[in-house]
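Let me begin by presenting the structure, written as structure tokens, before commenting on it.
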Amino acid sequence: MTAPPVAICIPARDEAERLPGLFAAIDRLTVPAGVAVTLCLLLDGCSDASMVPIAAYHAGGRHRLIVEVADRIAPNAGRARDRAMRIGLASVGQGDAILLTTDADSLPAPDWLAVMVAALDHADLVVGDVVRSGRGGNPDQDRIEHHYASLYALRRRIDPVAWEAPVVHHHASGANMGLRAATYVALGGFLPLARGEDARLVDDAARAGFRVRRDAASIVHTSDRRVGRVQGGLATGLCALDRDGLGAVSVAHPADQLWQYRLHAVARRAYGSGDYRGMSGTIGLDADHLLGVARDCPNAEAFAMRVVPVPPGGMRHIPFVAAEAALALLTASPAAAA
């Protein structure tokens with residue numbers, strides 16, 4: 001049986017200094033036997049010397065490299081990433097072919113490709129972990145990421161799913177993502193959003209009933225630079241933390257998020273049994289309405305993601321330090337995962 005081909009799809013803008021490191025990391029990847037790899041690079045309105053490292057890779061790189069040059073009309077991360085993915089689709093075809101994506105300022109771990117290919121045997125969309133590297137570390141950002149990682153781990157204790165990884169993380173980042181070509185086509189691709197296109201695709205996948213796996217075994221090291229390519233991205237957030245600290249950060253109340261996670265688990269069980277009476281009062285929809293929604297859903301994942309609303313009092317936002325303390329108490333409670 002022939003292994004499906006893999007396209008690694010990367011949008012880049014003015015990354016001439018970082019492309020040699022990216023190319024070296026791609027060449028160090030462990031490639032499963034029989035897998036053909038194509039590196040698909042979109043130059044998104046570059047004005048630097050990006051063609052210099054590209055020419056060097058064409059001369060001695062390990063994998064086939066396809067480069068497309070695009071004129072940049074306006075900053076749009078979603079449009080750029082989707083166009084890179086479309087290069088991948090054109091190069092490896094649809095169906096079982098695998099599309100991976102990362103960023104030009106990122107370095108996949110040597111086992112990244114092998115881990116992602118293996119994970120796609122269990123799930124439809126895999127999001128790997130993203131580790132900030134460099135000399136610009138920020139302990140406040142470390143605390144924020146630890147908070148979300150703890151919250152997501154608690155989510156999976158409350159609402160376990162068969163396709164999830166043994167060790168999870170919280171990211172939904174295009175710096176480390178993979179899916180089958182047919183899944184990407186079915187989802188309609190990354191939307192043309194200025195930022196957040198990656199999280200939106202993950203949300204859309206779950207609502208469509210696709211199995212989303214957040215696998216901490218898949219690691220990509222990304223830049224902690226303060227001058228990024230997307231306004232409102234990681235670089236913007238790091239600059240704000242450098243300037244203002246955690247005092248200006250607010251996040252959703254963990255108790256409200258856990259309310260949703262518990263209802264996701266209830267919704268999965270209801271979908272499996274066909275009995276929606278037990279959850280109708282909690283979410284304010286009668287059993288017949290829930291049955292109608294269920295009939296439009298391909299599986300329990302889609303039903304759980306579509307039918308569970310925000311908590312009755314809305315999703316409260318509180319200062320980060322208060323949320324951090326609240327989550328610590330919830331995590332320590334034996335009843336938290338009940």
Side-chain angles (χ1 to χ4, degrees), residues 1-12 15 18-42 53-54 57-58 60-67 81 84-131 133 163-169 171-184 190 198 201-202 205 210-223:
M1 183 176 177
T2 303
V6 173
I8 301 174
C9 310
I10 305 169
E15 298 284 9
R18 295 182 182 270
L19 284 175
L22 170 68
F23 290 152
I26 297 294
D27 277 356
R28 286 193 296 268
L29 292 175
T30 300
V31 180
V35 173
V37 177
T38 302
L39 180 55
C40 302
L41 186 67
L42 173 73
I54 288 171
Y57 190 81
H58 272 303
R62 179 182 177 189
H63 305 295
R64 181 170 66 130
L65 173 63
I66 299 175
V67 179
R81 196 176 300 278
M85 298 291 271
R86 301 289 170 180
I87 301 171
L89 283 173
S91 68
V92 298
Q94 298 185 17
D96 286 341
I98 292 173
L99 304 178
L100 304 181
T101 185
T102 187
D103 292 333
D105 67 336
S106 300
L107 303 174
D111 64 351
W112 177 62
L113 189 151
V115 170
M116 293 292 275
V117 170
L120 283 167
D121 286 338
H122 304 281
D124 301 301
L125 189 153
V126 178
V127 188
D129 204 358
V130 178
V131 179
S133 306
W163 57 84
E164 190 58 274
V167 182
V168 298
H169 62 88
H171 293 289
S173 174
N176 190 351
M177 189 178 293
L179 68 174
R180 302 279 177 185
T183 304
Y184 190 74
F190 289 105
D198 38 16
L201 187 76
V202 171
F210 289 107
R211 301 163 299 168
V212 177
R213 176 184 176 104
R214 286 175 168 85
D215 197 334
S218 169
I219 296 174
V220 164
H221 297 271
T222 197
S223 167

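Every residue two or more places apart in sequence or in another chain was checked for a side chain to side chain donor-acceptor pair (under 3.5 Å) with His63, and none qualifies. Here Asp124 pairs with Arg211 under the salt bridge (Lys or Arg N to Asp or Glu O under 4.0 Å) rule; sequence neighbours left out. Judged as a side-chain contact (heavy atoms from CB on, under 4.5 Å), and not counting sequence neighbours, the contacts of Val202 are Leu125, Val127, Ala172, Met177, Val212, Arg214. Judged as a side-chain contact (heavy atoms from CB on, under 4.5 Å), and not counting sequence neighbours, Pro110 has no contacts. Scored by the side chain to side chain donor-acceptor pair (under 3.5 Å) test, Arg62 finds no partners at all (sequence neighbours excluded). Partners of Leu120 according to the side-chain contact (heavy atoms from CB on, under 4.5 Å) rule, which considers only residues two or more places apart in sequence or in another chain, are Ile98, Val126, Arg180.
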Test Phe23 against Leu41 for side-chain contact (heavy atoms from CB on, under 4.5 Å), laying out the working first. CA-CA 11 Å; Phe23 290 152; Leu41 186 67; 4.2 Å; yes
Leu29/Ile8 under side-chain contact (heavy atoms from CB on, under 4.5 Å): CA gap, chis, key distance, verdict: CA-CA 11 Å; Leu29 292 175; Ile8 301 174; 3.9 Å; yes
Going through the distances and angles, do Val6 and Met116 end up as a side-chain contact (heavy atoms from CB on, under 4.5 Å)? CA-CA 10 Å; Val6 173; Met116 293 292 275; over 6 Å; no
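Atom CZ of residue Arg18 and atom CG of residue Leu107 lie 8.5 Å apart, to the nearest 0.5 angstrom. Atoms CG and SG, on Leu99 and Cys40 in that order, are 8.5 Å from each other to the nearest 0.5 Å. One distance of note links CG of Asn176 with CG of Asp198; it measures 11.0 Å at 0.5 Å rounding. Going from atom NE2 of His221 over to atom CH2 of Trp112 covers 12.5 Å, rounded to the nearest 0.5 Å. Between Leu65 atom CG and Leu39 atom CG the span is 5.0 Å, to the nearest 0.5 Å. We find the CD1-CD1 distance between Ile26 and Ile10 to be 5.0 Å, quoted to the nearest 0.5 Å.
No side-chain donor-acceptor contact under 3.5 Å links Arg81 to the backbone of Phe190. A donor-acceptor pair is defined here as one N or O able to donate and one able to accept, closer than 3.5 Å; no such pair exists between the side chain of Asp103 and the backbone of Asp105.
Scanning both residues, Pro11 and Thr102, for their nearest heavy atoms gives CD-O, 3.7 Å. Nearest heavy-atom pair, Ser91 versus Thr38, reported as atom, atom and distance to 0.1 Å: OG-CG2, 4.1 Å. For the residue pair Gly178 and Leu100, the shortest heavy atom distance occurs at CA-CD2, 3.6 Å. The two atoms that bring Val220 and Pro108 nearest to each other are CG2-CA, 3.9 Å, heavy atoms only. Between His171 and Val130, the shortest heavy-atom contact is NE2-O, 3.2 Å. Summarising the geometry of Asp129 relative to His169, their closest heavy-atom pair is N-NE2, 3.4 Å, with the distance given to 0.1 Å.
Side-chain contact between Pro4 and Val92 is absent, with no heavy atoms from C-beta onward closer than 4.5 Å. Between Glu15 and Leu22, every side-chain heavy-atom pair lies at or beyond the 4.5 Å cut-off.
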